[in-house]
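Input: a single structure, listed below in structure tokens.
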Amino acid sequence: MASTTVPTPIPARMRGLNRAEICDVNFSEFIRAWDGGGAGRAPAADDAILPGSALDARGFRELFESQLISRHLDLMARVLRVQNKVFYTIGSSGHEGNTMVARLTRHTDPAFLHYRSGGFMAERFRKLPGMDPVMDSALSFAASKDDPASGGRHKVWGSKPLWVLPQTSTIASHLPKAFGTAVAIEQARRIGHPLPIPADSIAICSFGDASSNHATAQTAFNVAAWTAYQKLPAPVLFVCEDNGIGISVKTPDGWIARNFAHRSDLDYFAADGLDLAKGYGDVQRAVEHCRRSRRPTFLHLRTTRIMGHAGTDFEIEWRSLEELCAVEATDPLLRSAAIALESGLMSKDDILDLYEATRARCFAAAEDADRRPRLDSLEDVMAPLAPYTPAAVQAEAARTDYAERRLEVFGSEAKLPENQPPRHLAIQINQALHDLFAKYPEALLFGEDVAQKGGVYTVTKGLQKAFGARRVFNTLLDETVILGLAQGYANMGLLPLPEIQYLAYFHNACDQIRGEAASLQFFSNGQYRNPMVMRIASLGYQRGFGGHFHNDNSITALRDIPGLVVGCPSRGDDAVTMLRTLMALAKVDGRVCAFLEPIALYMAKDLYEAGDGGWQTTFPAPGEAMQLGEGRVYGEGHDDLVVFTYGNGVPMSLRAARAIEAKHGWKVRVLDLRWLVPLNEDFIRAQAAGAKHILVVDEGRRSAGVGEGVITALTEGGFGTTPLLRVTGADTFTPLAGAAFLAIPSEEEIVAAADRLAAN
């Protein structure tokens with residue numbers, strides 16, 4: 001095999017050009033200067049492109065065309081960005097070898113892609129007739145409303161028909177959900193759930209060498225190996241596109257191979273992504289191994305990065321000219337051109353004609369895309385973010401066509417939960433979960449200690465026994481994994497209920513919801529969704545156990561996530577009807593939901609005095625459900641003092657109301673918000689109408705708590721002159737033992753706040 005000719009050093013006249021122009025010129029000059037000879041006869045379509053190669057001539061020609069499409073999309077973006085016709089310049093140049101991964105996998109293998117995946121996408125577009133990788137990509141670059149991937153919301157590599165789930169600027173955050181999708185392919189089959197893709201599909205996940213060091217990536221590698229160690233299937237193909245640098249930080253030579261080549265239960269393959277003839281067979285072996293063995297597979301794909309990290313990265317300012325020239329000499333398009341010439345498949349003129357025709361095609365598509373409409377209203381921007389179809393959700397929540405299965409689960413008519421005496425919150429949540437698992441055979445519940453133990457607070461007790469270990473199971477201790485699994489199951493049409501053991505632990509994995517699950521509908525223009533109901537043991541007031549990891553009342557991180565639904569019941573019957581609605585929201589509208597369970601109220605039975613049973617409730621009959629945003633009113637029509645609260649604040653405020661009524665003669669109304677995101681501002685304002693005094697009781701911290709949202713709604717609703725106070729938690733971490741109660745509201749503080757209102 002003849003060696004690739006290295007371009008001559010860049011002449012002084014060209015040193016002022018940007019590197020994109022230089023790489024463009026390099027290619028044409030390389031072809032014109034070719035003197036490496038060529039075969040006397042062009043290979044037939046089915047012949048090996050070069051002796052010993054697993055790649056035939058037809059396949060090479062198509063891969064080369066896909067590489068050229070990717071390159072010219074990059075070049076087009078650099079030129080038209082300065083004209084404000086495109087808005088994204090992180091390119092794929094040097095990574096065009098990922099075309100091999102696309103060719104050797106199927107369009108029904110879910111793909112979660114690195115942002116340098118232009119070649120992969122161009123090649124995958126061949127899998128279905130009538131699709132145009134150039135026009136679709138140009139629409140995305142131009143942020144056009146006609147972009148079939150995101151509707152103009154971001155430059156993403158994505159396609160619903162091609163099973164490419166859109167990613168934005170992924171820094172390893174997509175690896176856990178790729179693993180979760182791989183596991184879900186097998187999990188769905190085991191529980192008899194119909195898959196939207198073939199049963200032998202694999203999940204593909206590509207990322208850079210720098211990203212492989214990220215904690216989220218290491219989480220995914222670890223759980224993949226943990227799963228394989230137990231001989232459980234996890235057919236995920238991790239594709240590390242190693243270009244040796246992350247923005248400007250170089251990866252130590254040999255680090256990726258040293259770090260991954262000998263990991264147990266993570267099967268390592270290496271391939272040359274700079275040379276289609278050499279790399280194809282190795283990529284093929286990795287793909288076939290993953291599909292056949294159903295084991296996590298690590299494909300170390302050698303790439304390079306030319307033209308910098310993005311259009312704003314002027315490498316000449318921080319890399320030597322000699323180093324840049326050496327990197328550009330490894331351009332994979334030069335090697336592909338050499339293969340075409342060496343094999344006799346193409347002449348110099350053939351290659352140059354194809355190169356320029358591809359350039360013209362990309363620029364024409366970009367100019368067309370620039371003339372298309374862009375998002376021009378906030379309504380358009382937000383349309384796919386938080387879909388809500390109230391009638392359909394309510395109908396689903398009230399659906400009762402599973403009565404026979406309920407009887408099987410609970411044992412008899414007499415044992416149905418609605419036929420039992422009043423119970424406390426934990427039991428009613430447990431009964432609701434049994435009920436919902438009977439209703440939704442595709443539901444899965446998983447997390448730490450949820451199976452045999454039934455959870456730290458026994459809320460999931462008996463679920464695994466009733467529904468089996470395939471639907472209720474423990475995970476390893478990693479919240480990022482739990483939420484990655486939830487996304488994977490959702491991708492395969494299942495209905496996950498991940499449990500996060502404590503609210504403080506959610507913060508370990510917040511980005512799996514903020515950056516991934518909750519953003520998917522937005523960035524896919526509603527084509528993909530991550531329906532789930534995330535259960536979290538939450539809030540403060542635990543006695544005899546605590547510290548800030550177990551008495552966490554910070555809801556701020558949840559309130560900041562666009563599109564997320566957050567519900568927080570304070571009593572058992574509300575928990576049941578809220579869970580029914582949350583499951584319906586996930587099922588019907590694909591919503592990502594959080595269900596905050598107040599730990600201190602799990603076992604609460606009494607309200608005013610010991611033994612009164614005032615905080616136990618009966619189980620709502622099937623068909624009863626709570627509307628999204630619907631609050632609960634205690635003391636309808638009482639206007640002297642209106643108290644807005646939630647969670648632990650509800651029974652506290654009710655007890656304080658008795659003291660306030662006795663002390664001041666006021667009639668007190670207590671409002672349980674129940675839904676914390678989105679806040680029902682219409683409900684808040686309607687309940688404030690006619691109020692003589694208003695009190696907001698929020699156990700969260702004073703800064704950025706739910707109470708701020710309530711006060712904003714009141715102020716913007718014209719209630720700024722109504723006497724109003726807040727009773728909140730302090731801006732502190734929660735200490736251990738009795739000191740914790742110094743940092744959160746008490747009944748005495750609520751009464752004292754009413755005293756101040758009365759005095760004014």
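- Remark: aromatic rings of Tyr489 and Phe446 are close, center separation under 6.0 Å.
- For the atom pair CD (Glu479) and OH (Tyr502), the distance works out to 12.0 Å, reported to the nearest 0.5 Å.
- Side-chain atoms of Asn553 never come within 3.5 Å of backbone atoms of Ser538 as a donor-acceptor pair (strictly under, hydrogens ignored).
- Although no hydrogens or angles enter the test, the distance criterion places no donor-acceptor pair under 3.5 Å between the side chain of His638 and the main chain of Lys667.
- Remark: Glu499 CD to Leu433 CG distance equals 9.0 Å, nearest 0.5 Å.
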- [ ] Apply side-chain contact (heavy atoms from CB on, under 4.5 Å) to Phe741 and Tyr541, showing your working.
- [x] CA-CA 7 Å; Phe741 292 89; Tyr541 296 96; 3.9 Å; yes
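- Although no hydrogens or angles enter the test, the distance criterion places a donor-acceptor pair under 3.5 Å between the side chain of Glu630 and the main chain of Gln627.
- Salt bridge status for Lys587 with Glu442: present, with a side-chain N to carboxylate O gap under 4.0 Å.
- Counting heavy atoms from C-beta outward, Phe179 and Thr227 have side chains that approach closer than 4.5 Å.
- Of all non-hydrogen atoms in Leu564 and Val592, the two that sit nearest each other are CD1-O, 3.2 Å.
- Taking CG from Asp511 and OG1 from Thr216, the interatomic distance works out to 7.0 Å, rounded to the nearest 0.5 Å.
- Distance alone, capped at 3.5 Å, is enough to place a donor-acceptor pair between the Ser746 side chain and the Glu749 backbone.
- Side-chain contact between Val642 and Leu695: absent, with no pair of heavy atoms (C-beta onward) separated by less than 4.5 Å.
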Open item on the list: Run the side-chain contact (heavy atoms from CB on, under 4.5 Å) test on Gln428 and Thr617 for me, step by step, so that the C-alpha distance in whole Å, both residues' side-chain angles and the decisive distance to 0.1 Å come before the verdict.
Closed with: CA-CA 8 Å; Gln428 300 297 39; Thr617 63; 4.1 Å; yes
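- For Leu654 against Tyr608, the heavy-atom pair with the smallest separation is O-CE2, 3.7 Å.
- Remark: Glu609 engages Arg658 in a salt bridge, criterion side-chain N to carboxylate O under 4.0 Å.
- Proximity of a side-chain donor or acceptor of Thr645 to a complementary backbone N or O of Val697 within less than 3.5 Å is detected.
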Task: Pair Lys692-Asp639, salt bridge (Lys or Arg N to Asp or Glu O under 4.0 Å): steps then yes or no - done: CA-CA 6 Å; Lys692 298 173 183 175; Asp639 289 339; over 6 Å; no
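- Remark: side-chain polar atoms of Trp615 are not paired, donor with acceptor, to backbone N or O of Gly572 under 3.5 angstrom.
- A 4.5 Å side-chain heavy-atom check between Glu716 and Arg685 finds at least one atom pair inside the cut-off.
- Salt bridge annotation for Asp560-Arg514: absent, with no cationic side-chain nitrogen under 4.0 angstrom from a carboxylate oxygen.
- The pair Lys663-Asp755 meets the salt-bridge criterion, since a charged nitrogen lies less than 4.0 angstrom from a carboxylate oxygen.
- A salt bridge is absent between Asp573 and Arg423; no separation between the charged side-chain nitrogens and carboxylate oxygens falls under 4.0 Å.
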Open item on the list: Run the salt bridge (Lys or Arg N to Asp or Glu O under 4.0 Å) test on Arg559 and Glu708 for me, step by step, so that the C-alpha distance in whole Å, both residues' side-chain angles and the decisive distance to 0.1 Å come before the verdict.
Closed with: CA-CA 11 Å; Arg559 292 182 64 223; Glu708 287 189 354; 5.4 Å; no
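- With a 4.5 Å cut-off on side-chain heavy atoms, Phe619 and Gln420 do not count as touching.
- Val450 places none of its side-chain heavy atoms less than 4.5 Å from the side chain of Val459.
- Atom CG of residue Leu497 and atom CZ of residue Arg471 lie 10.0 Å apart, to the nearest 0.5 angstrom.
- For the atom pair CD (Gln616) and CG (Leu425), the distance works out to 11.0 Å, reported to the nearest 0.5 Å.
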Task: side-chain contact (heavy atoms from CB on, under 4.5 Å) assessment of Ile684 paired with Leu671 - done: CA-CA 9 Å; Ile684 292 169; Leu671 290 314; over 6 Å; no
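- Taking all atoms of both residues into account, the shortest heavy-atom contact from Met492 to Ala184 is CG-CB, 3.6 Å.
- The two residues Ala713 and Glu681 have their closest heavy-atom pair at CB-CG, 3.7 Å.
- Under 3.5 Å, the side chains of Arg470 and Gln187 contain no donor-acceptor pair of N or O atoms.
- Of all heavy-atom pairs spanning Pro496 and Pro531, the tightest one is CD-O, 3.2 Å.
- Neither side chain, Glu516 nor Gln487, offers a donor N or O lying under 3.5 Å from an acceptor on the other.
- Inter-residue side-chain proximity for Ile500 and Met534 is flagged as met; some heavy-atom pair is nearer than 4.5 Å.
- For Arg669 (side chain) and Val643 (main-chain N/O), no donor-acceptor pair under 3.5 Å exists by modelled atom type.
- Taking the ring axis of Tyr440 as reference, the NZ or CZ atom of Arg399 stays within 45° of it and closer than 6.0 Å to the ring centre.
- Not a single donor-acceptor pair under 3.5 Å links the side chain of Asp574 to the backbone N or O of Pro569.
- In this pair, Phe467 and Phe437 present their aromatic rings tilted. The plane angle is within the 30 to 60° band.
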Task: Evaluation steps, side-chain contact (heavy atoms from CB on, under 4.5 Å), between Ser570 and Asn648 - done: CA-CA 7 Å; Ser570 63; Asn648 293 296; over 6 Å; no
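- Between Arg535 and Glu597, at least one side-chain N (NZ, or NE/NH1/NH2) sits under 4.0 Å from a carboxylate O, which counts as a salt bridge.
- Looking at heavy atoms from C-beta onward, Leu628 lies in side-chain contact with Tyr388 at the 4.5 angstrom threshold.
- A donor-acceptor pair under 3.5 Å links the side-chain atoms of Arg591 to the main chain of Pro387, judged by distance alone.
- More than 12 heavy atoms of other residues, nucleotides or ligands sit less than 6.0 Å from atom CE of Met603.
- Checked for salt-bridge contact, Arg580 and Asp435 meet the test: a charged N lies under 4.0 Å from a carboxylate O.
- Side-chain N/O atoms of Asp449 and Gln501 include a donor and acceptor closer than 3.5 Å.
- One side chain, Gln452 or Asn474, offers a donor N or O that lies under 3.5 Å from an acceptor on the other.
- In this structure, CD on Gln687 lies 11.5 Å from CG on Asp682, to the nearest 0.5 angstrom.
- Arg726 and Asp698 are not joined by a salt bridge, as no carboxylate oxygen comes within less than 4.0 angstrom of a charged side-chain nitrogen.
- Judged by distance alone, the side chain of Arg701 and the main-chain N or O of Thr732 form a donor-acceptor pair under 3.5 Å.
- Side chains of Asn530 and Ile513 form no contact here, defined as non-hydrogen atoms less than 4.5 Å apart.
- Ala486 and Pro498 get closest at one heavy-atom pair: CB-CG, 3.8 Å.
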